[in-house]
Amino acid sequence: MKDHIRRCIYLIDQFNYIRLIATIISLITLFIAVNTQNPINNDGILYLQTAEAFANSGWQEAIKHFNWPFYSIFIAWLSKLTHLSFENSTYVLNAVLLVIIVISFIALIEESGGSRFVQFLGALIILSHPQLHHYQHYIVRGFGYWAFSLLAFLNFIRFYKHLKWRHALGWGIFISVAILFRPEGLVICCFGPLVLLFRAKTTLWNKLGNTLKAYSFNIIAISIIIAWWLNMPNRTIAQLGKFRHWDQLQNGLTLLSTNINEKAVLVSQTILNDYSNKWGLTMVISGLTGIYLYKLVATLWPVHALLFGHAFWKRLMPAEKGIKRVIIYFSILNLVIPAIFLGQRFFVLSRFLMPASLLLLLWTPFSLHYIMQKWLDKKTVIKNNFVFPVLSIVFLIMFIYAFVPPNQSKAYITTAGTWLKHNMPQQSKLYTNNFRLSYYSEKKFMEWDISDNLIIPEWSSDDFVALKTKQKHYEKIKNTLLTLKLKPGKIFANKEGNMIAVFKFIKNK
């Protein structure tokens, strides 16, 4: 068996099309993921509506829907270019972005000193990564941010190595595009190049010059933006300073400190007693730390977290010391951003931790390769000889799972919305507690829930009520709505007991 594995390693080391095959596989997994009846996520619907607003009415209308509309603008432009629907244009865009993520990840492993077989392991890891696979059927701007921040980082690594202008410009261009998807890229743009000041075997003036090179494109771009802004009628620098994200960037740490201290006082007053109230701040910080570490491991995935820790501890990445310093520095920057967000909002989503996770994943193929080599070199079949076979099975399962369509437990929402679209009169309004129903029904949407108010304002006999609820609550809701002269209609449910219950107004005879 080991001889067969050695033969496979040799063949892979001679194979020149790892990135091409990885590209094809990533497109296949994305097609499988999006080709379901699951409804679009709420953020995705917002982005599509913003794209439609931009296509119909331009920039000002798009801003009213969403204050950072560049992802939606890309969708609108692609839709105009390809004549596809906004939804299908989004999936085409996400396919391109996913390919960029996969190719950039493999290229970064190569830049880190990985052999062709280690690159193959990296391709296997990124293609089968559960969290990345989880988001493939979502419409999220994170795909654009992850793709272009990885591409920017790849160019920065090459600039750090070779100090060539084309790599400095590549870094500046791609990090600027990443910022268009998520504004926190500004933090990476501002602080990332500072690691050049610690580059070994470089004089002080060269360090400063290289750092300025890395900032050059962004300095020029900012100057052009300010000049364009000031040439617009009734525009001033003060108005540009009112941009809503500036406050977060300028006062983020102040907001963090204020929020944590407020929560610490609240814990001390409501939970702790006179003997322990001084520990309120400790409880808040330790609780947030626990949440953060749990979400980080869940995003990175437990087996990948263990492989990262092993590779980092054993120093298995063969890249020169300076390259590893850059990877660690950028990883820390990407870890700090969601940590500050968690301290301010007291929650953090896995997709906020994906940029850091993608950088930490760069270590994992080196660990997997090391464990495999140790297994191949061992003559005994007992002592410490089970780790690689177990890991092989785990990664094989994850890779196969990448080709499994996502659970369609929410398909009933899509079905309900489509039914409402075809069965509601054109002039009817839809009262619902589910935002997605309004998108799929394409009807005028009035947000309403039975728990909010038992009075339905401005209703007419042609209007419909569609409520997302649990099957066990249906009878109570039905009896309550009968008092409002609403009769039960169609029901759409899944096996878990979730349902959309449609009600019609009883027309007076």
Side-chain angles (χ1 to χ4, degrees), residues 1-32 95 98-130 132-133 136 150-151 154 157-158 161 301 303-304 306-308 310-311 314-320 323-324 327 358-404:
M1 180 181 177
K2 290 185 177 182
D3 289 336
H4 289 300
I5 292 176
R6 290 190 181 95
R7 179 64 179 168
C8 289
I9 294 173
Y10 173 79
L11 292 175
I12 291 171
D13 276 330
Q14 308 304 314
F15 190 66
N16 295 319
Y17 303 102
I18 293 174
R19 297 180 194 183
L20 176 61
I21 299 300
T23 296
I24 294 171
I25 293 174
S26 65
L27 293 176
I28 292 172
T29 59
L30 181 68
F31 177 79
I32 293 171
L98 179 61
V99 168
I100 293 174
I101 291 171
V102 171
I103 297 302
S104 298
F105 185 83
I106 298 171
L108 279 167
I109 292 173
E110 182 182 20
E111 294 293 335
S112 302
S115 65
R116 196 161 289 165
F117 183 73
V118 175
Q119 293 172 49
F120 166 78
L121 293 177
L124 176 66
I125 288 168
I126 195 66
L127 288 170
S128 63
H129 191 261
L132 189 62
H133 175 66
Q136 284 187 358
L150 267 187
L151 200 53
L154 175 62
I157 287 287
R158 289 171 176 169
K161 280 184 175 181
W301 209 246
V303 65
H304 298 86
L306 290 173
L307 289 173
F308 160 74
H310 176 254
K314 290 279 191 178
R315 300 180 181 180
L316 298 180
M317 186 180 286
E320 60 184 79
I323 298 302
K324 283 189 276 192
I327 294 174
L358 289 170
L359 294 183
L360 297 179
L361 279 174
L362 293 172
W363 299 78
T364 56
F366 295 100
S367 176
L368 195 57
H369 182 247
Y370 175 86
I371 293 169
M372 185 191 67
Q373 287 294 338
K374 286 290 184 182
W375 179 78
L376 289 173
D377 293 340
K378 285 182 182 293
K379 295 181 180 179
T380 176
V381 293
I382 300 175
K383 185 180 179 182
N384 298 328
N385 217 24
F386 63 90
V387 178
F388 177 69
V390 170
L391 285 174
S392 300
I393 294 171
V394 169
F395 277 99
L396 179 62
I397 292 171
M398 285 194 292
F399 185 74
I400 294 173
Y401 182 74
F403 295 90
V404 177

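This is a predicted model, so every value here is computed, not measured.
Q119 contributes a side-chain N or O that, together with a main-chain N or O of G114, makes up a donor-acceptor pair within less than 3.5 Å. At distances below 3.5 Å, at least one donor-acceptor pair connects side-chain atoms of K161 with backbone N or O atoms of E111. The backbone N or O of T364 lies less than 3.5 Å from no partner atom in the side chain of S367, so there is not a single donor-acceptor pair.
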Quiz item: Could you walk me through whether L307 and I371 pass the side-chain contact (heavy atoms from CB on, under 4.5 Å) check?
Solution: CA-CA 10 Å; L307 289 173; I371 293 169; 3.9 Å; yes
Self-check item: side-chain contact (heavy atoms from CB on, under 4.5 Å) between L150 and L359, intermediate numbers included
Solution: CA-CA 8 Å; L150 267 187; L359 294 183; 4.1 Å; yes
Quiz item: Going through the distances and angles, do I125 and M398 end up as a side-chain contact (heavy atoms from CB on, under 4.5 Å)?
Solution: CA-CA 9 Å; I125 288 168; M398 285 194 292; over 6 Å; no
Quiz item: After noting the C-alpha distance and the side-chain angles of V99 and L27, does the key distance pass the side-chain contact (heavy atoms from CB on, under 4.5 Å) rule?
Solution: CA-CA 7 Å; V99 168; L27 293 176; 3.7 Å; yes
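Residues K314 and W363 form no side-chain contact, since every pair of their non-hydrogen atoms from C-beta on lies 4.5 Å or further apart. When side chains are defined from C-beta on, L316 counts as touching H310, because their heavy atoms get closer than 4.5 Å.
The nearest pair of heavy atoms linking I18 to A123 is CG2-CB, 4.2 Å. R158 approaches A107 most closely through the heavy-atom pair NH2-CB, 4.3 Å. The two atoms that bring I109 and G122 nearest to each other are CD1-CA, 3.4 Å, heavy atoms only. Residue P318 comes nearest to F366 through the heavy atom pair CD-CE2, 3.2 Å, listed as atom of the first residue, atom of the second, then distance. Contact record, A22 with L127: O-CD2, 3.6 Å, taken as the closest heavy-atom pair. Closest heavy-atom contact between L30 and Q136: CD1-O, 3.3 Å.
Between the NE2 atom in H129 and the CZ atom in F399 there is a gap of 15.0 Å [rounded to 0.5 Å]. Between atom CD1 of residue I157 and atom CD1 of residue I323 there is a gap of 4.5 Å, rounded to the nearest 0.5 Å. For the atom pair CD1 of I126 and NE2 of H133, the computed distance is 13.0 Å after rounding to the nearest 0.5 Å. A distance of 11.0 Å separates CG in L11 from CZ in F117, rounded to the nearest 0.5 Å. From F308, atom CZ reaches atom CG of L362 across 10.0 Å, with rounding to the nearest 0.5 Å. Atom CG of L121 and atom CD1 of I106 lie 11.0 Å apart (nearest 0.5 Å).
The number of heavy-atom neighbours closer than 6.0 Å to CZ of F15, taken from other residues, nucleotides and ligands shown, is above 12. F403 CZ: more than 12 foreign heavy atoms inside a 6.0 Å radius.
Note: F395 and H304 have perpendicular aromatic rings, judged against thresholds of 30 and 60 degrees for the angle between ring planes.
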